[in-house]
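One structure is given here, and the rest of the page talks about it.
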Protein chains: 2
Amino acid sequence: MGVPRVRHSIFDTLPESLRSEILGVFQTMHFEHGKILFCAGEPCSGLPLVLSGVVRVQMTGLSGNNIVLYRMGADEICTLSIGCLMTGEGFRAEAVVEEDTEVFMMPRDVFDRLMDQSAGFRRGIMDSYGRRLNDLMLLVEEVAFRRMDERLFCWLEARAEQGFLMITHQELATELGTAREVISRLLKELERKGKLRLARRRIEFTRQFFD
Amino acid sequence: MGVPRVRHSIFDTLPESLRSEILGVFQTMHFEHGKILFCAGEPCSGLPLVLSGVVRVQMTGLSGNNIVLYRMGADEICTLSIGCLMTGEGFRAEAVVEEDTEVFMMPRDVFDRLMDQSAGFRRGIMDSYGRRLNDLMLLVEEVAFRRMDERLFCWLEARAEQGFLMITHQELATELGTAREVISRLLKELERKGKLRLARRRIEFTRQFFD
DNA sequence: GCTCAGTCAGTGATAAAGTCACACAAGCTC
DNA sequence: GAGCTTGTGTGACTTTATCACTGACTGAGC
């Protein structure tokens, strides 16, 4: 495998001495596909910096339904955990690893120290917070006002470049925060229109899809 | 009117010298009921610290529908503006004054300086961010999964202590991110059940409401 | 190969919520 | 009072959610 290039841009602005000290102390953690980075209600053991891979953050409603809130990719920070880390209360969300992931788990005291000592670090954290807040606001708008057929189509469109997707209707329903039956019916409708071909766990996009 | 006690708890942890300097430079601004603190897309002139009053933050969907995201009261910080302030892009939200409000409008350079110099200030900002994020996550869950009759009832319940409310159905619809007709029908239903009495701009709670 | 259990998808019936169109009523100005 | 604006009520219809059930596909074990 070789030694992975372990880096995160939030360290770029640190003075050299501080950086090498931090990087020396840290060990990176590996999480495989399907592993849970943190669960709903669990106290937070540190601030995860995502070095590579993809982590999905989703929440379970009181009704038991799920919805995906956002994803974190390489070079992102699990902003959600900061609140967790500071107040000690867990959030009602869980983080599931979608693609094998490397994470720096930054302990609380290191986080505090960097917040104290580095303006660049602070800026990175605040940026991340701002983006997350914006994402969630857009999500509220989407869930409240957009039609499901349009939302589904957009979601598919954003991942159609490979020509097909391996995903179950239930997983799609969780992405959009709706029921499996709704997705099944909308997909069938798209298949009737000739934009898709459906199979078990598989959605294939036809040329028509892109018109 | 007398001189209002102009204070905000985020200043409490500042060293005395810094605090008196900041407080000396600031002027508080007054906003009256109905005034707009900031509009969607508008660049941000500073970080508003709410000293008194109530400000409602709402967003307009692409469809033109509105939904209330959250409210800010005395001693709160308009966290949303920080992202705005840092990236220079406006958010798609607007802030409307509900009860006459006093605000410290903190300029960008002062914000940066306090972030640099005060751990307490940083902590206050991060706390505020965490709470906002949590609120929005709960809102996503509510909008995605909860039934409207239940949401309406909870909303009314939380403000029923006075025995009546002066509000239009359209305003209620904006609170919950739905259509006016939906609210009208649900309210009529509650009236039929004897829990409310409806009049123009007015909802009166009967004893039955509280059972 | 065959059976069986578990997972995944399709669908009808019904209820809840959103949209459209319009009627009408209350309060305001002239 | 006439004419206007704002707020509410309601029918008709569409979209979405929920419930209940069916059957199809897949993999493990025999």
Side-chain angles (χ1 to χ4, degrees), chain A residues 33-34 60-68 139-156 164-204, chain B residues 34 59-68 139-156 164-204:
Chain A
H33 170 79
T60 303
L62 295 182
S63 50
N65 293 347
N66 280 282
I67 185 170
V68 173
L139 183 59
V140 169
E141 200 257 322
E142 186 176 321
V143 170
F145 301 130
R146 294 275 239 294
R147 292 181 41 145
M148 198 48 82
D149 52 359
E150 191 196 342
R151 290 178 60 205
L152 175 60
F153 194 85
C154 288
W155 194 96
L156 293 172
F164 71 97
L165 275 177
M166 297 303 291
I167 191 170
T168 68
H169 297 185
Q170 180 56 62
E171 284 163 345
L172 258 169
T174 295
E175 288 295 331
L176 300 176
T178 183
R180 200 257 318 153
E181 298 92 316
V182 174
I183 297 294
S184 288
R185 282 191 251 260
L186 291 174
L187 286 176
K188 258 285 165 271
E189 184 58 32
L190 286 172
E191 192 181 39
R192 265 191 289 275
K193 287 184 189 161
K195 293 181 184 291
L196 303 175
R197 262 189 298 279
L198 298 176
R200 194 184 168 85
R201 283 181 156 286
R202 186 183 158 88
I203 298 172
E204 195 177 334
Chain B
M59 115 181 273
T60 302
L62 294 181
S63 52
N65 293 348
N66 281 282
I67 185 169
V68 173
L139 183 59
V140 168
E141 200 257 320
E142 185 177 321
V143 170
F145 301 128
R146 293 276 238 294
R147 291 182 41 151
M148 197 48 81
D149 52 359
E150 191 196 341
R151 290 177 58 205
L152 175 60
F153 195 85
C154 287
W155 195 96
L156 293 172
F164 71 97
L165 275 176
M166 297 303 291
I167 192 170
T168 68
H169 297 184
Q170 179 56 62
E171 286 165 343
L172 258 170
T174 295
E175 288 294 332
L176 301 175
T178 184
R180 200 259 316 157
E181 298 91 315
V182 174
I183 297 293
S184 288
R185 282 191 251 261
L186 290 174
L187 286 176
K188 257 285 162 274
E189 184 58 31
L190 286 172
E191 192 180 40
R192 265 191 289 276
K193 286 185 190 161
K195 292 181 185 293
L196 304 176
R197 260 187 301 277
L198 299 175
R200 194 184 169 84
R201 284 182 155 287
R202 185 182 159 90
I203 298 171
E204 196 177 334

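Predicted model, so just to flag it, every value in this text is computed and none were measured. Letters A, B, ... are given to chains in the order of the sequence lines, protein chains preceding strands, and every chain is numbered from 1. Side chains are part of it too, since the values below use all heavy atoms of this structure and drop only hydrogens, waters and symmetry mates.
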Can you list everything that forms a salt bridge (charged side-chain N to carboxylate O under 4.0 Å, His left out) with B/Arg197? Sequence neighbours excluded, please. B/Glu204
Atom CD1 of A/Ile203 to atom C1' of C/dA9: distance rounded to whole Å? 12 Å
Is the shortest heavy-atom distance from the side chain of B/Ile67 to the side chain of A/Glu141 under 4.5 Å? no
Min side-chain heavy-atom separation A/Thr168-A/Glu171 under 4.5 Å: yes
Answer yes or no: is there a side-chain heavy-atom contact under 4.5 Å between A/Arg151 and A/Val143? yes
Taken to the nearest whole Å, CD/A/Gln170 to P/C/dG10 is 14 Å
Using a strict threshold of under 4.0 Å (side-chain N to carboxylate O), is an ion pair present between A/Arg147 and A/Glu150? no
Which whole-number value in Å describes the distance from B/Glu171 CD to D/dT6 C1'? 12 Å
Does a side-chain heavy-atom distance below 4.5 Å link B/Met148 with B/Val182? yes
Which whole-number value in Å describes the distance from B/Ile67 CD1 to C/dG18 P? 10 Å
I need the CE-C1' distance between B/Met166 and C/dA26, as an integer number of Å. 13 Å
At less than 4.0 Å, is any side-chain N or O atom of A/Arg201 found next to OP1 or OP2 of C/dC8? Yes or no. yes
In B/S/- notation, 5' to 3', how is nucleotides 9-19 of chain D contacted by protein heavy atoms closer than 4.0 Å? BBBB--SSBBB
